[in-house]
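Read through the structure below, which is laid out as C-alpha cells, and then see the notes.
Position 1 is the first residue of the sequence, and the numbers go up from there.
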Amino acid sequence: MSSVAVVQAGDVPDPSVRNLLEQDTLKWVFVGGKGGVGKTTCSSIVSILLASVRSSVLVISTDPAHNLSDAFQQRFTKFPTLVKGFSNLYAMEIDPKVENDDFGNEGMEGFISELTNAIPGVDEAMSFAEMLKLVQTMDYSVVVFDTAPTGHTLRLLQFPATLEKGLEKMMDLKNRFGGLINQATRLFGLGDELNEDAMLGRLEGMKDVIEQVNRQFKDPDLTTFVCVCIPEFLSLYETERLVQELAKFEIDAHNIIINQVIFDEEAVESKLLKARVKMQQKYVDQFHMLYDDFNITKLPLLPEEVCGVQALQNFSKHFLAPYTPTLKRGSVEELEERVSTLKSSLQVAEAELDRVRKGKQAA
C-alpha cells in the first residue's frame with residue numbers, strides 16, 4: 001500500500017515538509033524550479049532535516065553552476081564528501097558533461113564526442129548514468145537532488161529516451177558498416193576499448209542502470225519532486241509547466257515551497273514593500289487555488305543570505321512550522337517599535353537639516 005498521504009475532502013494539507021520526513025520509504029527527492037528562486041538553499045535544508053530522521057543522506061548538485069559548496073561553505077567535488085558538523089550527511093557536485101577520464105582513451109573519447117554531436121543530450125545522459133552507478137554502489141538511505149533550472153531538469157528526466165536514441169544510432173552504424181570499425185581499431189592499434197561490441201555494451205550497461213532508476217522515479221513510494229518558486233508570475237508559470245511535465249513523466253509531486261515571501265502581517269512601512277506585499281499575495285492565492293491538494297510551505301524573505309550550516313539549521317524551522325512574524329501589525333510591540341523608529345528617523349532628519357542650514361550660513 002502506498003505510503004503517500006491521501007488528502008481527505010475538506011482537509012487542508014500541512015503547510016510544511018514534514019510529510020517528506022514521515023515518508024520513510026522515500027529513496028529519491030528532487031528539488032527544482034526556475035533559476036534564482038532558492039533551490040540550493042531548500043535542497044540543503046531538506047537534506048539536513050532528512051539527516052535528522054534517516055541513517056545516511058546524500059545531496060547531489062546536478063546544476064552546472066554549483067552552489068552547494070557556497071550554501072554549506074565547504075568545498076565539494078564529484079565524490080561524496082561528509083558535510084562538516086554531521087556524521088550521516090554527504091554532498092557531491094557533478095558536472096553534467098562526460099569527462100575524459102570516464103572513458104580512458106582518446107579513441108573512445110573521440111567516438112563519444114561524435115556521438116554527442118549526433119544526439120543532443122546524450123553526453124549528459126551518460127554522465128548521469130555514470131553518477132547513478134556510483135550512487136547505487138553506496139548504501140544511502142535517501143538521495144536529494146539539487147537540480148538545475150527547470151529546462152535542464154526536464155531534460156534530465158528524458159535521459160532514458162536519450163540513451164535509447166544513442167543505442168539506436170550505434171546499432172544503425174553497426175548494421176551499415178559491419179566489422180569495419182573493428183578492423184580500423186586493430187589496424188591503428190587502438191585495442192579493444194573502441195571495439196563496437198565493447199561500446200555497445202558500455203551504452204547498454206548505462207541504459208540498464210538508468211532504466212532501473214527510472215522505474216524507481218515513477219514509484220511515488222520511492223520518489224517525489226519538491227517544486228521551489230517565488231510569488232511572481234514567471235515563477236508561477238514555470239511551476240505550472242514543471243508540475244504538468246512531472247505528471248507526464250509519472251513522477252510524484254505534492255510539495256511546493258514558496259520562497260522570499262513578504263508577509264502582510266509584518267510591520268511594513270515602505271511604500272515599495274507594501275506594493276510588493278499586495279503583488280505577492282495575488283500569486284500566493286493563485287498557488288493555493290491551483291494546488292489545493294499540495295503541501296505548500298511559505299518561507300519569509302530575509303535581510304541576509306542563508307549561508308553556512310548554522311544559518312541553514314536556523315532557517316530550517318520555517319520548513320516544519322508556518323512562519324510567524326516577530327511583530328504583528330497593530331500590536332503594542334509593533335506600535336512601540338514604529339514609534340521608536342520614527343523618533344530615530346526624526347533625530348537623523350533634524351541633524352541633517354541643522355547641517356544644511358549651517359552650510360548655507362557659512363556660504
Side-chain angles (χ1 to χ4, degrees), residues 17 20-21 26-33 35 37-52 54-99 102 121 123-160 206 209-210 212-214 216-217 219 222-228 242 246 249 251-253 255 257 309 312:
V17 299
L20 302 180
L21 310 186
L26 274 180
K27 173 68 177 175
W28 312 97
V29 179
F30 288 86
V31 181
V37 297
K39 295 185 300 295
T40 300
T41 298
C42 291
S43 59
S44 300
I45 291 177
V46 167
S47 65
I48 287 174
L49 293 173
L50 284 168
S52 68
R54 295 295 193 95
S55 58
S56 58
V57 179
L58 174 65
V59 55
I60 301 174
S61 171
T62 61
D63 188 342
H66 297 304
N67 291 313
L68 270 184
S69 295
D70 297 325
F72 284 103
Q73 294 187 334
Q74 178 183 344
R75 177 66 179 153
F76 299 121
T77 66
K78 64 179 181 178
F79 301 105
T81 303
L82 185 65
V83 178
K84 293 175 182 176
F86 295 87
S87 60
N88 63 337
L89 176 58
Y90 299 80
M92 62 187 286
E93 296 178 332
I94 65 163
D95 186 351
K97 295 289 180 185
V98 176
E99 298 184 14
D102 287 338
D123 54 345
E124 291 178 320
M126 295 174 75
S127 178
F128 189 64
E130 287 291 316
M131 182 272 295
L132 288 177
K133 286 171 68 175
L134 172 65
V135 170
Q136 284 195 316
T137 63
M138 307 169 188
D139 191 25
Y140 292 104
S141 174
V142 61
V143 178
V144 179
F145 288 94
D146 172 34
T147 68
T150 308
H152 296 278
T153 301
L154 296 178
R155 194 160 71 243
L156 177 149
L157 300 175
Q158 295 170 337
F159 282 170
M206 290 180 181
V209 170
I210 209 164
Q212 177 189 348
V213 174
N214 195 49
Q216 295 182 19
F217 285 177
D219 185 343
L222 299 175
T223 304
T224 193
F225 201 108
V226 179
C227 304
V228 183
L242 178 58
L246 291 172
F249 287 112
I251 294 179
D252 175 74
N255 280 82
I257 295 175
V309 171
L312 291 168

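A distance of 9.0 Å separates CG in L82 from CZ in F76, rounded to the nearest 0.5 Å. Note that CD1 of I45 and CD1 of I257 are 8.5 Å apart. Values are rounded to the nearest 0.5 Å. Expressed to the nearest 0.5 Å, how far CG of L68 lies from OG of S47 amounts to 7.5 Å. Taking CZ of F249 as the reference point, atom OG1 of T223 lies at 14.5 Å (rounded to 0.5 Å). Separation of atoms OG (S43) and CD1 (I60) is listed at 11.0 Å; rounding is to 0.5 Å. In this structure, E93 CD and N67 CG are separated by 8.0 Å, a value rounded to the nearest 0.5 Å.
Taking the six-membered ring where the residue is Trp, F145 and W28 present parallel rings, their angle staying beneath 30° rather than reaching 60°. Between F225 and F30, the ring-plane angle classifies as parallel under the 30° and 60° cut-offs.
Of all non-hydrogen atoms in T40 and A71, the two that sit nearest each other are CG2-CB, 3.9 Å.
Formation of a donor-acceptor pair under 3.5 Å by the S56 side chain with backbone atoms of S141 is found in this model. Looking at N88, its side chain does come within 3.5 Å of a backbone N or O of R54 through a donor-acceptor pair.
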* To do: Given side chain to side chain contact (heavy atoms under 4.5 Å, CB included), test V226 with L20 step by step and report yes or no.
  => CA-CA 10 Å; V226 179; L20 302 180; 3.7 Å; yes

* Could you walk me through whether M92 and L58 pass the side chain to side chain contact (heavy atoms under 4.5 Å, CB included) check? -> CA-CA 8 Å; M92 62 187 286; L58 174 65; 3.9 Å; yes

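Under the side-chain contact (heavy atoms from CB on, under 4.5 Å) criterion, T77 pairs with F79, T81, not counting sequence neighbours.
You'll find the side chain of L246 reaches within 4.5 Å of the side chain of C227, heavy atoms only. Between V31 and T147, the closest side-chain pair of non-hydrogen atoms is not below 4.5 Å. Residues Y140 and P80 have side chains in contact (heavy-atom distance under 4.5 Å, counting atoms from C-beta outward). In this structure the side chain of Q74 reaches within 4.5 angstrom of the side chain of V83, judged on heavy atoms.
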